[in-house]
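Here's the structure, in structure tokens; my notes come after.
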Amino acid sequence: MKDELSKSIKTPGAVLMGLGSILGTGLFVSIAIATQIAGNGIIIAIVVAGILATFNGLSSAQLAAAYPYSGGTYEYGNRILGSYWGFSAGWMFLIAKSASAATAVLGCVGYLYYLFGIEVSGGIFIATAFFILIIITALVSKGIKRSNTANKLIVSLTLFGLITLVFFGFYEAGIPVKPIKASFIDFSTDSILYGAALMFVAYTGYGRIATLSEEVVNPAKTIPKAIIVSMILVGIIYLSVSLTAIHVMGADAFGETADGEIAPLMIVAQTLAIPGLGTLISIAAITAMLGVLLNLILGLSRVILAMARRRDMPKFLSKIHSQSKSPVASVWVTGLIIAALVLTGDISFTWTFSAFTVLIYYAITNLSAFMLDVEKRLYSRWIPFLGLSGCLFLAFWIEPGIWILGLILLLVGIGWHTISLKYQKATQNAEENE
């Protein structure tokens with residue numbers, strides 16, 4: 001069919017797609033941002049965020065298995081809860097993940113310039129981010145097969161760099177017993193919950209598997225399996241890397257790197273003073289965040305595609321290229337949205353803003369899973385109930401300025417949807433009267 005996407009992703013590719021979406025900004029940048037807030041309690045924050053993300057992952061898995069169509073919770077919300085819920089989910093996803101993508105490209109540029117020891121002005125920094133964004137957007141517009149191949153190479157290099165860092169961290173500093181003990185003694189409940197809200201975003205790349213479900217082979221089996229495997233691997237990696245960083249530098253010193261050159265793990269590697277390790281980590285960070293950017297553009301463009309199919313976005317965005325089988329117009333519009341957020345140049349703002357909006361998105365995900373018909377349900381209703389409660393609870397531990405802005409944008413989106421529905425109805429009535 002002309003407007004159908006190509007099914008080419010199997011379980012290994014789906015797992016790597018999830019890892020490629022998760023292992024990037026969350027590891028190489030946001031752990032330091034969250035540590036600055038949570039201190040030694042970051043270890044507990046990572047565990048709390050991981051548990052909540054697991055509930056969300058399972059909810060996403062059963063929804064994607066029941067409704068294997070592009071669009072993620074935008075599609076599920078429309079089918080299960082109604083158009084306003086579905087639109088709100090899609091709107092929040094676009095805002096959240098565009099902010100995450102902007103964080104990824106800004107972090108990538110930070111590591112790139114830090115690697116070569118170059119200091120640049122804000123204008124050159126943002127111009128470099130635009131250049132990288134254009135290249136990755138062009139790659140994604142060529143189709144899912146080419147994007148999937150690039151993702152496999154990126155994830156392989158990222159994993160190699162992270163494993164090397166953890167190995168030398170344990171080799172030089174020993175088993176991280178001290179930071180584990182400190183996480184249960186020197187902490188603040190408020191800061192842990194805030195840190196968990198920020199770290200939750202770092203887990204949510206598994207949603208990319210769900211948003212690409214129309215391109216997955218046998219989605220009913222592949223998607224749940226891929227999400228669960230991805231979550232287990234990511235939890236182990238996050239804990240290992242964060243323990244290594246805190247054990248080598250201390251929580252306060254590591255948190256302070258978030259205010260510096262946007263290259264926290266490279267600073268950890270330099271502290272270890274292993275020849276070549278800093279360079280390896282920087283290369284792994286750069287490729288990892290390119291992978292995150294690639295996967296975010298893939299996921300965002302598919303949500304825009306789904307919204308265009310329902311006329312919540314301009315109709316031309318629903319077109320699929322006949323040769324690449326890619327929604328080319330949606331991909332380039334995604335790139336433009338990300339570019340607008342890159343203009344802020346503030347990596348802490350983009351990540352924190354992403355945290356609130358993505359928690360609202362997954363609250364709707366869990367509500368959709370909770371309301372799923374019994375015959376389509378894979379897991380107990382307690383899973384989405386706990387996921388929903390956790391998302392709403394953590395969302396408002398973020399600083400008020402962020403969540404107030406997020407709620408304002410949500411209201412703007414709902415207003416747009418109301419106008420769109422009225423226009424569609426008027427158009428339909430006009431056609432019937434002709």
Side-chain angles (χ1 to χ4, degrees), residues 16 19-20 22-36 40 42-43 46 103-120 124-125 128-129 132 150-180 182 202 233-234 236-294 347:
L16 288 173
L19 293 178
I22 299 170
L23 299 179
T25 320
L27 264 173
F28 292 99
V29 176
S30 69
I31 283 183
I33 296 173
T35 301
Q36 191 175 49
N40 286 303
I42 186 62
I43 304 303
I46 288 172
T103 306
V105 71
L106 289 169
C108 178
V109 174
Y111 270 92
L112 183 65
Y113 280 123
Y114 197 92
L115 172 62
F116 293 103
I118 301 173
E119 294 186 8
V120 297
I124 295 176
F125 193 93
T128 307
I132 292 172
N151 180 71
K152 290 176 182 178
L153 294 173
I154 289 168
V155 172
S156 298
L157 180 55
T158 302
L159 289 175
F160 177 73
L162 292 172
I163 291 170
T164 304
L165 176 67
V166 171
F167 172 80
F168 281 111
F170 282 28
Y171 180 80
E172 291 289 318
I175 303 298
V177 176
K178 186 177 179 180
I180 295 174
L233 292 175
V234 168
I236 293 170
I237 293 167
Y238 275 11
L239 286 172
S240 299
V241 172
S242 58
L243 283 170
T244 299
I246 294 172
H247 195 39
V248 170
M249 295 186 65
D252 291 340
F254 179 59
E256 288 173 2
T257 62
D259 291 330
E261 306 292 336
I262 322 179
L265 291 191
M266 184 172 179
I267 298 173
V268 174
Q270 290 176 335
T271 303
L272 285 168
I274 302 295
L277 182 59
T279 301
L280 174 62
I281 292 302
S282 289
I283 293 172
I286 291 166
T287 57
M289 284 184 277
L290 288 176
V292 167
L293 180 61
L294 182 150
I347 201 165

Start with the C-alpha gap between Glu172 and Ile274, add the side-chain angles, then the distance that decides, and say whether side-chain contact (heavy atoms from CB on, under 4.5 Å) holds. CA-CA 9 Å; Glu172 291 289 318; Ile274 302 295; 3.7 Å; yes

Quick one: do Asn40 and Asp252 satisfy side-chain contact (heavy atoms from CB on, under 4.5 Å)? Show the steps, please. CA-CA 8 Å; Asn40 286 303; Asp252 291 340; over 6 Å; no

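Tyr171 and Phe167 have parallel rings, their planes meeting at less than 30° on a 0 to 90° scale where 60° marks the start of perpendicular.
Interatomic distance, CD of Glu256 versus CD1 of Ile267, reported as 10.5 Å (0.5 Å rounding). Atom CD of Gln36 sits about 14.0 Å away from atom CD1 of Ile31, to the nearest 0.5 Å. One distance of note links OG1 of Thr35 with CD1 of Ile246; it measures 5.0 Å at 0.5 Å rounding. Summarising the geometry, atom SG belonging to Cys108 is positioned 8.0 Å from atom CG belonging to Leu293; distances are rounded to the nearest 0.5 Å. Atom CG of Leu265 and atom CZ of Phe28 lie 6.0 Å apart (nearest 0.5 Å). With values rounded to the nearest 0.5 angstrom, Ile281 atom CD1 is found 8.0 Å from Tyr111 atom OH.
Smallest separation of non-hydrogen atoms from Ala284 and Thr158: O-OG1, 3.7 Å. Scanning all heavy atoms of the two residues, the minimum distance from Ala202 to Ser30 falls at CB-OG, 4.1 Å. The minimum heavy-atom distance linking Val268 with Ala245 is given by the pair CG2-CB, 3.9 Å. Looking at every heavy atom in both residues, Leu165 comes nearest to Thr244 through O-CG2, 3.9 Å.
For Thr128, the side-chain hydrogen bond (donor to acceptor under 3.5 Å, both in side chains) partners at least two apart in sequence or on another chain are Tyr113. With sequence neighbours excluded, the residues forming a side chain to side chain contact (heavy atoms under 4.5 Å, CB included) with Leu159 are Leu23, Val155, Ile237, listed by chain and number. Applying the side-chain hydrogen bond (donor to acceptor under 3.5 Å, both in side chains) rule to Gln270 yields the partners Tyr114; only residues at least two apart in sequence or on another chain are considered. Legend: residues meeting ring-ring contact (aromatic ring centres under 6.0 Å, His included) with Tyr238, ordered by chain and number and at least two apart, are Tyr203. By the side chain to side chain contact (heavy atoms under 4.5 Å, CB included) test, Leu239 pairs with Ile43, Ile46, Val47, sequence neighbours left out. A search for side-chain hydrogen bond (donor to acceptor under 3.5 Å, both in side chains) contacts involving Thr103 returns Thr350, not counting sequence neighbours. Residues forming a side chain to side chain contact (heavy atoms under 4.5 Å, CB included) with Ala32 (at least two apart in sequence, or on another chain): Phe254, Thr257, Ala258, Pro264. Remark: Phe116 engages Leu112, Ile118 in a side chain to side chain contact (heavy atoms under 4.5 Å, CB included) (not counting sequence neighbours).
Sorted by first and then second residue, the side chain to side chain donor-acceptor pair (under 3.5 Å) pairs involving residues 273-285 (not counting sequence neighbours) form an empty list.
Contact check for Phe160 versus Leu280: side-chain heavy atoms found under the 4.5 Å cut-off.
Checked by atom type and distance alone, the side chain of His247 pairs as donor or acceptor with a backbone atom of Ala173 at under 3.5 Å.
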